[in-house]
Enquirer: 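Below you will find the structure I want to go over with you.
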Amino acid sequence: TCNNCLENGCIMHGRGQGCSEYEIADGPPSYKPPSNNDEIDEVCLAMMEEELDHDTCSSSGDNCSECTNTMKPKSGEPCSWYEIPDYQGYCSSGVCTYQFGCGETSCSSVPPKKDCEEYKTCNNCLENGC
């Protein structure tokens with residue numbers, strides 16, 4: 001359990017990754033033993049709340065709009081959408097990662113690019129939003 005792990009001076013890893021002596025680089029959230037053992041329950045509660053946020057967000061849909069319109073249970077903040085090149089993207093609770101950053105909490109509607117081949121000069125193209 002989380003309490004047993006922290007009481008023994010180990011690090012508890014969220015999202016089912018278990019207990020160990022070491023942190024997981026760029027992995028799920030890690031929970032270190034607090035300096036005061038009286039605070040272990042609070043640390044484990046924070047882990048459970050993050051797990052609930054993660055589960056809620058990751059099951060909220062497969063597009064930016066569905067994701068960012070889903071609110072995390074604890075804070076009421078929107079879930080985060082991670083756009084990944086050459087992939088459809090994914091929804092999560094907003095944990096920052098080295099590879100994909102911290103995600104977006106709102107979707108931008110970028111208009112499609114205009115076909116600028118018809119413009120003869122660079123200025124004409126820029127004036128028409130290309």
Side-chain angles (χ1 to χ4, degrees):
T1 68
C2 177
N3 287 52
N4 290 341
C5 178
L6 298 179
E7 286 169 0
N8 287 301
C10 294
I11 299 170
M12 187 71 189
H13 304 289
R15 309 209 179 134
Q17 297 297 311
C19 181
S20 76
E21 295 178 53
Y22 307 102
E23 284 192 70
I24 300 172
D26 210 18
S30 297
Y31 301 88
K32 297 178 182 177
S35 56
N36 180 349
N37 276 351
D38 294 338
E39 297 171 356
I40 286 178
D41 287 340
E42 292 174 33
V43 172
C44 292
L45 178 62
M47 185 186 87
M48 289 189 303
E49 289 171 347
E50 194 283 329
E51 296 278 326
L52 180 59
D53 284 349
H54 173 73
D55 292 344
T56 299
C57 293
S58 63
S59 64
S60 69
D62 59 358
N63 66 58
C64 182
S65 181
E66 289 175 356
C67 174
T68 58
N69 285 318
T70 301
M71 301 301 149
K72 295 184 256 183
K74 172 69 176 155
S75 66
E77 296 173 348
C79 296
S80 297
W81 178 254
Y82 297 80
E83 193 67 44
I84 303 170
D86 302 323
Y87 183 73
Q88 70 180 26
Y90 70 97
C91 188
S92 189
S93 58
V95 175
C96 298
T97 68
Y98 172 74
Q99 290 177 307
F100 307 122
C102 300
E104 299 295 327
T105 56
S106 64
C107 303
S108 64
S109 55
V110 178
K113 291 189 176 189
K114 294 181 180 180
D115 181 10
C116 294
E117 291 179 14
E118 64 188 80
Y119 299 109
K120 304 254 187 243
T121 67
C122 185
N123 283 342
N124 281 353
C125 183
L126 292 173
E127 289 167 359
N128 287 285
C130 297

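Given the structure is predicted, the values throughout are model-derived calculations rather than measurements.
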Enquirer: Among S58, P73, C79, which residue satisfies the side chain to side chain contact (heavy atoms under 4.5 Å, CB included) criterion with D53?
Expert: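 Single side chain to side chain contact (heavy atoms under 4.5 Å, CB included) partner of D53 among S58, P73, C79: P73.
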Enquirer: Checking S92 now: which residues fulfil side-chain contact (heavy atoms from CB on, under 4.5 Å) with it, not counting sequence neighbours?
Expert: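 S92: side-chain contact (heavy atoms from CB on, under 4.5 Å) contacts with R15, H54, Y82, Y90.
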Enquirer: What residues, two or more places apart in sequence or in another chain, satisfy side-chain hydrogen bond (donor to acceptor under 3.5 Å, both in side chains) together with E104?
Expert: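 Testing E104 for side-chain hydrogen bond (donor to acceptor under 3.5 Å, both in side chains), a comparison that skips the adjacent residues, returns none.
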Enquirer: List for me each residue that meets side-chain contact (heavy atoms from CB on, under 4.5 Å) alongside S59, sequence neighbours excluded, and say none if there are none.
Expert: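 Here no residue qualifies.
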Enquirer: For E7 versus I40, what's the shortest heavy-atom pair and its separation?
Expert: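 Looking at all heavy atoms of both residues, the closest pair is CG-CD1, 3.4 Å.
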Enquirer: Going by the salt bridge (charged side-chain N to carboxylate O under 4.0 Å, His left out) test, which pairs reach into residues 35-45, not counting sequence neighbours?
Expert: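 For residues 35-45, and leaving out neighbouring residues, there are no salt bridge (charged side-chain N to carboxylate O under 4.0 Å, His left out) pairs at all.
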Enquirer: Restricting to pairs with a member in residues 71-80, which pass side chain to side chain donor-acceptor pair (under 3.5 Å), not counting sequence neighbours?
Expert: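 For residues 71-80, and leaving out neighbouring residues, there are no side chain to side chain donor-acceptor pair (under 3.5 Å) pairs at all.
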Enquirer: Under the rule for ring pair (Phe, Tyr, Trp, His ring centres under 6.0 Å), what residues qualify as partners of Y31, not counting sequence neighbours?
Expert: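 For Y31 there are no ring pair (Phe, Tyr, Trp, His ring centres under 6.0 Å) partners, ignoring immediate neighbours.
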Enquirer: Who passes side-chain contact (heavy atoms from CB on, under 4.5 Å) against C2, sequence neighbours left out?
Expert: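 Once residues adjacent in sequence are excluded, the partners of C2 under the side-chain contact (heavy atoms from CB on, under 4.5 Å) criterion are L6, M12, C44, M47.
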Enquirer: Measure across T68 and C107 and return the closest heavy-atom pair with its distance rounded to 0.1 Å.
Expert: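 Heavy atoms of T68 and C107 come nearest at OG1-SG, 3.5 Å.
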Enquirer: Could you check whether the SG atoms of C67 and C57 sit less than 2.5 Å apart, since that is the cutoff I want to apply?
Expert: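 Their SG atoms do not fall under 2.5 Å; no disulfide, then.
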Enquirer: Roughly how far, to the nearest 0.5 Å, is the CD atom of E51 from the CG atom of D55?
Expert: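 These two atoms lie 6.5 Å from each other.
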Enquirer: What residues, two or more places apart in sequence or in another chain, satisfy salt bridge (Lys or Arg N to Asp or Glu O under 4.0 Å) together with E23?
Expert: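 So E23 forms a salt bridge (Lys or Arg N to Asp or Glu O under 4.0 Å) with K32.
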Enquirer: Just so I know, are the side chains of P78 and M71 near enough to count as touching, which here means a heavy-atom distance under 4.5 Å?
Expert: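 When only atoms from C-beta onward are counted, M71 and P78 do touch, with a gap below 4.5 Å.
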Enquirer: Could I get the full list of side-chain hydrogen bond (donor to acceptor under 3.5 Å, both in side chains) partners for S30, not counting sequence neighbours?
Expert: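 Scan of S30 (side-chain hydrogen bond (donor to acceptor under 3.5 Å, both in side chains), adjacent residues dropped) gives H13.
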Enquirer: Quick one: list whatever passes disulfide (SG to SG under 2.5 Å) with C10, sequence neighbours left out.
Expert: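 Disulfide (SG to SG under 2.5 Å) list for C10, sorted by chain: empty.
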Enquirer: Under the side-chain contact (heavy atoms from CB on, under 4.5 Å) rule, collect the residues that match up with E83, sequence neighbours excluded.
Expert: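 side-chain contact (heavy atoms from CB on, under 4.5 Å) check on E83 returns W81.
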Enquirer: Nearest 0.5 Å please: distance from the CG atom of N8 over to the SG atom of C19.
Expert: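 Reported value, rounded in 0.5 Å steps: 7.5 Å.
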Enquirer: Considering residues at least two apart in sequence or located in another chain, which fulfil the side-chain hydrogen bond (donor to acceptor under 3.5 Å, both in side chains) criterion with S65?
Expert: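 Per chain and number, S65 pairs via side-chain hydrogen bond (donor to acceptor under 3.5 Å, both in side chains) with N69.
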